[in-house]
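Structure, as structure tokens:
Just so it is clear, the values below take in all heavy atoms, side chains as well, and ignore hydrogens, waters and symmetry mates. Numbering of ligands and ligand atoms starts at 1, following listing order. The chain is numbered in sequence order, starting from 1.
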Amino acid sequence: MMKKEKKVILGIETSCDETAAAVVQKISLDRKTTGFQILSNVIISQVRTHKKYGGIVPEVAARKHIKNILPVIDMAIQQAQRKPADLDGIAVTYGPGLITSLLVGVEVARTLSYVWKKPLIGVDHIRAHIFAVLLPHAEEAFSSVNIPFPAVALVVSGGHTELFVIRRKWKVAKIGQTLDDASGEAFDKVAKMLNLGFPGGPVVSQMAEKGDPEKYPFPRPMMYSGNFLFSFSGLKTAVLYTIQKLTAKRTLSQQMKRDICAGFQQAVVDVLTRKTLQAAKCYGARSIILGGGVAANRLLRSTLAKGAADQGVEFFVPDLRLCTDNGAMIAAAGFFEKSVLPIRLTADPQLSREGER
Ligand code: KG4
Ligand code: ZN
């Protein structure tokens, strides 16, 4: 019998507007059972700062990361009741994201790796959103998730909308992406048009719950395009035209706003669900994974779960709080990547993996 093995990784995330660090423990009970435990998960969100501007201001984000990064790391290690010496590695997001934001996390991780003499692991932020699915949901201390491969993964966030096929041993290959706006970005822009604030996803989906999704039928861009590409800028424009037409006559009532949100959300969910289910069919997937900030959307979670069940495919989605950016998913992804020399790791804002790894 294999000896019980424990490994601990510190994950650092600063690609956008959350300064986050977490300590995650991987426990291998035997050859077949490996699981994860979140020992700490600290996030300082800059949402309140960027709300004033209606979107993220890169320069401001970077300054805030610089101010917060060391206290956040310190807190993560303390809450995990570990010492730097206990760490088996330091994982950090090195792309994609805002270059000035990424640089803060990468430089701090490189320095700590030197000083603490710990292996450094560069993590792709988009892939990390997929690995979040392996982490325990809030109440459980330890979870061992077995994903049947091949799997199809949909990552939907503020900057990305991408489809992947994942084969045995976590070989991830991209099969599709958005040609213009990301789905989260579309939520944020619709919220802005309706003066609902930033970020748009949570507030638009909340409004949508009391709206009629059929009142304003919006287009489903590229739904039947026969490939795995997406486009959301046309939908965004359709929402804008509808708002302009309505406001030419009167100011929008709360109910009109709810109906617009519901119609828009339904259109996004329909496209994302159909394409993901198509991809699952096409690649003979045995499971579907949903990840990224927009995966916090309840309608998307339930619609895709139902579609997967109808197709006889297992469905996996991270706990709600682990869908949006966090350090725990970076640490989790770190267990699947090789370490690099600190001198070799550079931030790559355009990082996007085409081939299989
Ligand atoms: O993954 P994430 O935290 O950051 C990026 O990597 O971009 O995703 C943030 C995005 C934002 O666009 C936000 O509006 C969206 O996720 N989002 C949602 C919901 N919660 C967050 N979109 C739709 N419904 C939600 N409930
Ligand atoms: Zn993200």
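Taking the six-membered ring for Trp, F36 and F142 have ring centres at least 6.0 Å apart. Remark: aromatic rings of F131 and F335 are distant, center separation not under 6.0 Å.
Per-residue contacts place A296 under 4.0 angstrom from the following atoms of ligand 1 (heavy atoms of the residue considered): 20 (N), 26 (N). Of all the atoms in ligand 1, the ones that sit under 4.0 Å from a non-hydrogen atom of G159 are 7 (O).
Inspection of the N326 and E18 side chains reveals no N or O donor paired with an N or O acceptor under 3.5 Å. For K67 and T19, the side-chain atoms include no donor-acceptor pair closer than 3.5 Å. With 3.5 Å as the limit, one finds no donor-acceptor pair spanning the side chains of D181 and S233. For the residue pair S183 and T161, a side-chain donor N or O sits within less than 3.5 Å of a side-chain acceptor on the partner. A side-chain donor-acceptor contact under 3.5 Å links E13 and H125.
The nearest protein atom to atom 9 (C) of ligand 1, hydrogens excluded, is given as G158 N, 3.7 Å; this is a heavy-atom distance. Of the protein's non-hydrogen atoms, the one nearest atom 4 (O) of ligand 1 is D325 OD2, 3.1 Å. Regarding atom 21 (C) of ligand 1, its nearest protein heavy-atom neighbour is G293 O, 3.4 Å. The protein heavy-atom contact nearest to atom 18 (C) of ligand 1 is G201 CA, 3.3 Å. Nearest to atom 24 (N) of ligand 1 among the protein's heavy atoms is N297 ND2, 3.1 Å. D188 OD2, 2.8 Å is the protein heavy atom nearest to atom 12 (O) of ligand 1.
The shortest N/O to N/O separation between T324 and ligand 1 does not fall below 3.5 Å. Inclusion of P199 in the set of residues having an N or O under 3.5 Å from an N or O of ligand 1 is not warranted. Of the polar atoms of G292, none of the N or O atoms is found under 3.5 Å from an N or O of ligand 1, judged by distance alone.
Residue-ligand proximity: H129 is placed with a non-hydrogen atom under 4.0 Å from ligand 1. Ligand 1 lies nowhere less than 4.0 angstrom from a heavy atom belonging to Q206. Ligand 1 has no atom lying under 4.0 Å from any heavy atom of C16.
Comment: K26 does not engage E5 in a salt bridge, judged by the lack of any side-chain N to carboxylate O separation of less than 4.0 angstrom. Between R321 and D319 there is a salt bridge, with a side-chain nitrogen of the basic residue lying less than 4.0 Å from a carboxylate oxygen of the acidic one. D188 has no carboxylate O lying under 4.0 Å from a charged side-chain N of K192, or vice versa, which leaves the two without a salt bridge.
Listed by chain and number, the protein N, O or S atoms at a distance under 2.8 Å from the Zn ion (ligand 2) are H125 NE2, H129 NE2, D325 OD1.
When heavy-atom distances to ligand 1 are checked against a 4.0 Å cut-off, S205 comes that close only through its side chain, counted from C-beta outward. The side chain of H125, and not its backbone, has at least one atom closer than 4.0 Å to an atom of ligand 1 (non-hydrogen atoms only; side chain from C-beta on).
A cation-pi arrangement is present between K275 and F230 under the rule of less than 6.0 angstrom and at most 45 degrees off the ring axis.
In this structure, OG1 in T14 is found 13.0 Å from CD1 in I44, a value given to the nearest 0.5 Å.
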How far apart are the C-alpha atoms of V152 and T276, what are their side-chain angles, what is the distance that settles it, and do they pass the side chain to side chain contact (heavy atoms under 4.5 Å, CB included) test?
-> CA-CA 7 Å; V152 157; T276 307; 4.1 Å; yes
Checking side chain to side chain contact (heavy atoms under 4.5 Å, CB included) for the pair L196/M207: CA distance, chi angles, key distance, verdict?
-> CA-CA 10 Å; L196 296 174; M207 296 278 289; 4.1 Å; yes
